[in-house]
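Written out below as structure tokens is the structure these notes cover.
Letters go in sequence order (proteins before strands), and every chain restarts at 1.
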Amino acid sequence: MTTTLEAASGYKPSRTLPLWAEVRRQASRRRTQLALGFMVLLPLIVLAAFEFGGGGRDDNDGNGGGAFSSMADLATSGGLNFALFGLAVSAGFLLVVVVALFFGDTVASEASWGSLRYLLAIPVPRARLLGVKLTVAAGYSLLALLLLVGTSLLVGTLRYGWSPMGSTIAAEIPPGEGLLRLLGICAYLATTLLVVAGLAFLLSVLTDAALGAVGGAVLLWILSSILDQIDALGGIRNGLPTHYTDAWMGLLSTPVQTEDLAKGAISAIVYATLFWGFAFYRFTRKDVTS
Amino acid sequence: MPDLTAGLRRALSRLPRRRVLPAAAALVVLAGAAVWAVRPTPDAWTTEDLRLAGADVELDARFYLPADRDGKVPAVLLAHGFGGSKESVRDDAESLAGRGYAVLTYTARGFGRSTGQIHLDSPDHEVKDAQKLLDWLAARPEVVTDGAGDPRVAAVGGSYGGALALLLAAQDQRVDAIVPQITWNDLNQALVPGGVFKKAWAGYFFGNGGASALGLMGGGRGQEQGDPACGRFAEDVCKAYLQMATTGIPDETTRALLLKSSPATVLDRIKAPTLLIQGAVDTLFPLSEADANAKGIAATGTPVRVAWFTGGHDGGAGPASDSDRLKFLTAQWLDHYLKGEGEAPGDDFTFSRVAGFSALDRGLVTNGYSTGSYPGLTGTGSTEITLQGRAQPIANPPNGNPGAISSMPGITSRLSSVLSGGVAMDVPGQHADFESAALTAPVEVAGAPAVRLRAASPTGEAILFVKLYDVDANGSATLSAGLVAPIRLTGLPADINAAQPVSVTLPAIVRQIEAGHTVRVTVATSDQAFLTPAQPATYTVAVEPALTLPTLTGTPIADPGSIWWYVLAGVIGVILLGLAVLLLISRIRHRRRDVAVVEEHADTPLVVNGLRKAYGDGFVAVQEIGFTVERGQVVGLLGPNGAGKTTTLRVLMGLTQPTAGEIYVFGHRLVPGAPILSRVGALVEGPGFLPHLSGAENLRAYWQATGRPWADARFEEALEIAGLGDSVHRKTRKYSHGMRQRLAIAQAMLGLPELLVLDEPTDGLDPPQIAEMRRVLQRYATDGRAVLVSSHLLAEVEQTCTHAVVVNKGRIVASGPVSDIVGDSPSVQLDVSDVPAATRILQDLGVASVKTEGASGLIVDMNGTARSEVVASLVEAGIGVDRLVPRRRLEDAFLSLVGDNSRGSGDR
């Protein structure tokens with residue numbers, strides 16, 4: 001045993017906390033399993049509601065209201081529309097909570113269990129720890145999104161068939177292109193959710209209370225959504241992280257309306273970079289007291 | 001939820017004071033930004049409400065002046081549409097005033113609070129009023145003049161106001177530029193196209209003019225009590241309407257009156273540069289009206305520019321992209337011809353075409369296009385489409401009821417439904433369809449399609465409505481903009497075979513007919529927007545196969561929105577670049593870091609030098625601590641709670657940054673995350689496990705996180721030390737405190753690190769386990785390994801450790817081999833019956849010091865006096881000695897610093 005070794009045999013900073021190890025750490029957690037399971041379950045619940053609810057078709061003529069009701073009316077017209085409906089009902093809140101859960105819980109829960117200090121004492125370099133945690137959280141969030149869309153698409157297509165993506169106001173979109181649009185919507189939603197991801201991750205680094213990080217991110221997201229409803233705020237609303245969350249509807253238009261998508265992506269990426277940047281800055285310097 | 005709020009509260013309360021200030025500053029900045037965003041902005045203009053004299057009426061007017069003008073400014077006379085008032089052009093007036101124009105808006109005679117009657121833009125009345133307003137403008141000191149009584153002025157207006165602009169420019173050469181929008185060329189043509197009375201629109205407007213008399217609009221003092229049938233219409237206008245609406249065919253007087261109110265006859269007198277803006281979704285004044293105006297004005301060499309947009313009397317202002325374009329064109333036109341700013345606008349032509357629907361605002365999406373010059377209504381090319389269909393009989397319903405629907409006059413907000421054909425409807429039996437085969441390529445139609453038809457009628461006459469539908473693959477038909485071509489045919493034979501073909505020019509449309517769609521020409525007998533014969537009849541119609549579609553391919557006007565994608569690419573680029581720079585810097589730093597091994601410590605597991613840790617809030621947890629752990633030693637870090645032991649260990653694990661001092665492990669400088677930490681195993685501040693994993697899984701997960709080979713873990717040995725038996729496969733959340741503690745020690749020993757650091761290792765263990773742990777630790781420190789144990793229990797250190805370091809209040813008070821300091825100390829502890837007497841006697845004996853402890857205890861520094869002598873002296877003096885305990889050095893050191901706190905810190 002040579003004593004001048006800089007590290008124990010086999011230790012390499014870049015090999016600590018392998019991605020796969022972190023994936024397994026999270027996979028064994030009940031909340032991960034529940035969150036992912038619910039993504040599969042939700043389309044089935046929606047399908048069951050459409051099948052057995054019955055009442056949904058009656059008020060078609062009555063209100064003929066907003067974009068949402070038209071989406072609900074069309075949801076049973078084909079697998080693509082069913083998946084679109086699933087996305088539309090989840091985009092506002094469910095996906096936000098799930099993403100906040102994956103990103104907000106990841107560091108804070110280790111801190112609250114006390115296992116964070118042992119990871120740092122291995123030592124897993126702090127930046128690597130955050131990088132791995134971030135990557136795995138992003139992977140799980142993406143998996144959740146894809147599970148939701150994939151399951152809806154699958155059960156919707158099995159039940160309602162493979163037909164063009166319809167809309168009450170825009171022209172029908174052929175199935176092949178419809179699928180591309182659906183993927184585009186997923187990609188845009190994933191991009192806007194970067195804001196939640198950034199915020200939750202930052203809070204996760206700042207606090208030891210996992211629920212505080214998740215709840216805080218969702219809370220701020222809701223707050224931003226409320227502020228966005230207030231017209232009196234004028235131009236300041238364009239800077240709110242939730243201002244462009246509905247821009248994915250531009251992908252349902254013919255031709256696609258991409259201006260807001262670009263703006264939304266810029267907003268989300270800038271916010272996420274700021275949040276993550278601050279999270280890294282803070283975590284690599286702070287005293288871990290938990 | 002309680003968990004959540006508690007968590008937040010905890011997180012908040014943890015905010016140290018130094019973070020409160022920046023947080024407050026950020027809050028103030030945010031609040032400031034919010035206030036700034038909603039602050040009331042001062043208007044860029046000032047207004048003045050006036051009553052101005054018209055030709056023989058009083059006009060309700062408002063004069064806008066730019067707030068920050070220097071010197072005189074050119075003026076704009078802004079006229080409103082039919083049924084409106086000076087209020088209805090307020091937005092435009094404010095925007096023009098904001099651009100530096102003096103704007104005069106007024107309510108035309110017969111409307112709102114202006115007096116007088118409606119003469120339909122008559123040159124003798126409304127136009128003369130406008131001339132009076134020009135006189136007034138010339139007299140205003142703020143307005144630039146071109147000569148005495150000649151203001152620098154443009155006339156701008158839509159519909160009713162647009163015709164006024166044209167007529168004014170023809171009648172008064174002082175006007176320097178005009179921008180007439182969605183207006184007519186010839187009212188005869190507009191109201192009685194093809195000889196068929198446009199009853200819906202005419203009635204709508206007549207109703208509007210009449211309504212103001214009944215006080216429904218305006219309700220001002222300018223009202224004059226009038227004929228209930230005519231409202232505020234002038235008598236001749238009213239008569240003309242009544243005549244036309246009754247018979248459906250205007251007589252000579254009516255035609256003359258309408259012609260007088262039409263720019264058509266005076267176009268050659270217009271010398272003011274003209275920007276004509278016309279809407280493609282306009283069944284009242286279709287594109288052909290602007291086309292006639294443009295041709296007439298341009299004929300005399302006056303500069304004319306034409307722009308079409310997707311809107312109009314049916315379509316409203318159109319999508320934002322269109323209104324932005326029109327605003328730009330108007331501003332460019334005025335800026336050049338009034339202010340002399342900017343290049344002379346060319347005569348290039350811009351138009352827009354519906355591209356689809358936006359799900360965002362449920363509105364239309366249009367694409368803008370431009371061509372080098374105005375092509376008129378015939379396009380720059382044409383496509384021949386072959387129609388199929390036999391001659392068919394169609395019935396004319398009596399009084400036009402039920403009638404087909406093409407447009408809904410007066411409803412301007414439903415642009416999308418008008419364009420998507422949601423309104424159009426034909427009545428079965430009343431129409432004949434002639435359809436083409438599916439198009440093989442898309443056709444970009446822009447202009448008036450032409451078709452020839454033959455008709456036969458038993459009465460010799462027929463009123464027919466010819467329309468062009470775009471039919472998609474699913475069979476849903478769209479009547480573009482709701483436009484139809486009405487024709488009144490006379491002298492028809494009763495037999496279709498004898499009928500001569502008649503050319504029909506359909507209304508000009510702007511539309512792309514997609515490949516795969518078919519084109520359908522429908523000939524109908526009724527339309528609710530028009531007056532049709534009261535007598536039922538059955539006609540026979542046949543459409544010639546050739547349909548000519550004028551085509552126009554424009555250059556797309558770049559969508560300003562696409563710039564954002566470049567911005568996005570730029571943002572991502574900057575972020576990636578920043579990331580790359582950061583990585584590079586950290587790589588360089590990593591390479592330059594101090595990797596030198598301090599030779600003198602190279603074989604020493606741990607050297608701590610002058611360690612100090614002060615927290616941000618001023619609390620100093622560790623004043624100065626320095627000690628050494630050599631190979632083979634089990635060193636005890638002994639001290640009461642709060643002495644700084646745990647802080648020292650935390651710095652040692654790289655969890656906390658020291659304020660000063662350094663730590664060397666085998667000669668390597670230890671900083672947070674230093675690789676040398678991999679040679680240290682640790683238990684700091686209690687165990688930390690993933691509660692949802694079993695003990696064994698936890699150890700495995702931990703070792704996986706190290707990234708080191710599995711064989712190096714010595715997993716079985718560690719499990720043996722943990723001694724958990726089968727419980728090792730239970731989830732750790734079900735473990736007792738002691739089980740967790742043992743598992744944590746096992747985890748620290750995974751891989752048999754050369755230096756083992758354990759914080760209060762016996763916490764929670766029962767006595768046999770403590771004894772076992774002592775043996776384990778002592779055994780561990782063989783083979784050149786070393787152990788550092790912290791504890792607040794004297795006995796534990798004494799029994800386990802080879803060396804001890806005693807700390808209190810962040811400083812070292814004693815250190816050395818336990819065997820050295822465990823030996824007898826010069827002091828004893830006495831329990832006596834009479835403390836004061838005993839103290840006196842002991843002092844007489846010449847001991848170094850006597851301290852009382854508790855009610856009956858005394859600590860005596862013997863200073864060489866034999867213990868037997870002390871006892872003998874005390875007993876001799878009649879003082880009962882209950883107990884005499886020789887003290888040990890370590891205890892001395894420990895207790896002397898711990899003092900009265902010993903009880904508190906000892907019993908936990």
Under 4.5 Å from any heavy atom of chain A, what part of [X] do you find: side chain, backbone, both or neither?
{"X": "B:P753", "value": "neither"}
{"X": "B:A748", "value": "neither"}
{"X": "B:V571", "value": "side chain"}
{"X": "B:L568", "value": "both"}
{"X": "B:S562", "value": "neither"}
{"X": "B:Q747", "value": "side chain"}

Can you find a pair of side-chain heavy atoms, one from [X] and one from [Y], that are under 4.5 Å apart?
{"X": "A:I122", "Y": "B:Y702", "value": "yes"}
{"X": "A:L261", "Y": "B:W565", "value": "yes"}
{"X": "B:M653", "Y": "A:R117", "value": "no"}
{"X": "A:W113", "Y": "B:H692", "value": "yes"}
{"X": "B:T706", "Y": "A:Y11", "value": "no"}
{"X": "A:E259", "Y": "B:I563", "value": "no"}

Among the listed options [options], the residue most often paired with chain B at heavy-atom distances under 4.5 Å:
{"options": "A:P13, A:A262, A:A265, A:S28", "result": "A:A262"}
{"options": "A:P18, A:P125, A:S109, A:G239", "result": "A:P18"}
{"options": "A:V124, A:L120, A:I266", "result": "A:I266"}
{"options": "A:G277, A:A121, A:P123", "result": "A:P123"}

Quick one: which of [options] has the most heavy-atom pairs under 4.5 Å with chain A, could you say?
{"options": "B:V684, B:V665, B:V651", "value": "B:V684"}
{"options": "B:P691, B:G667, B:G784", "value": "B:P691"}
{"options": "B:G673, B:G707, B:A682, B:A705", "value": "B:A705"}

Distance check, rounded to the nearest 0.5 Å: B:Q657 atom CD versus A:R285 atom CZ? 9.5 Å

Presence of salt bridge, B:R650 and A:D287, under 4.0 angstrom: no

Got a donor-acceptor contact below 3.5 angstrom from the A:Y118 side chain to the B:L683 backbone? no

Tell me whether A:S115 contacts the main-chain N or O of B:G688 through its side chain, where contact means a donor paired with an acceptor under 3.5 Å. no

Report, in residue-number order, which members of residues 126-133 of chain A are under 4.5 Å from chain B by heavy-atom distance. A:R126

Output all residues satisfying side-chain contact (heavy atoms from CB on, under 4.5 Å) with A:L274, sequence neighbours left out; order by chain, then residue number. A:V270

Under the side chain to side chain contact (heavy atoms under 4.5 Å, CB included) rule, what do A:I269 and B:I575 come out as? Steps first, then yes or no, please. CA-CA 9 Å; A:I269 287 172; B:I575 289 172; 3.4 Å; yes

What residue pairs, at least two apart or across chains, pass side-chain hydrogen bond (donor to acceptor under 3.5 Å, both in side chains) with a residue in residues 271-281 of chain A? none

Give me the atom names and distance for the closest heavy-atom approach of A:G10 to B:P709. CA-CD, 4.0 Å

Locate the shortest heavy-atom distance separating A:R25 from B:A701; write the atom from each residue and the value. NH1-O, 4.0 Å

I'd like to check the salt bridge (charged side-chain N to carboxylate O under 4.0 Å, His left out) partners of A:R24; sequence neighbours left out, ordered by chain and number. none

Assess the residue pair A:S9 and B:D712 against the criterion (side chain to side chain contact (heavy atoms under 4.5 Å, CB included)); give the C-alpha distance rounded to whole Å, side-chain angles, the decisive distance to 0.1 Å, and a yes or no. CA-CA 8 Å; A:S9 67; B:D712 289 1; 3.4 Å; yes

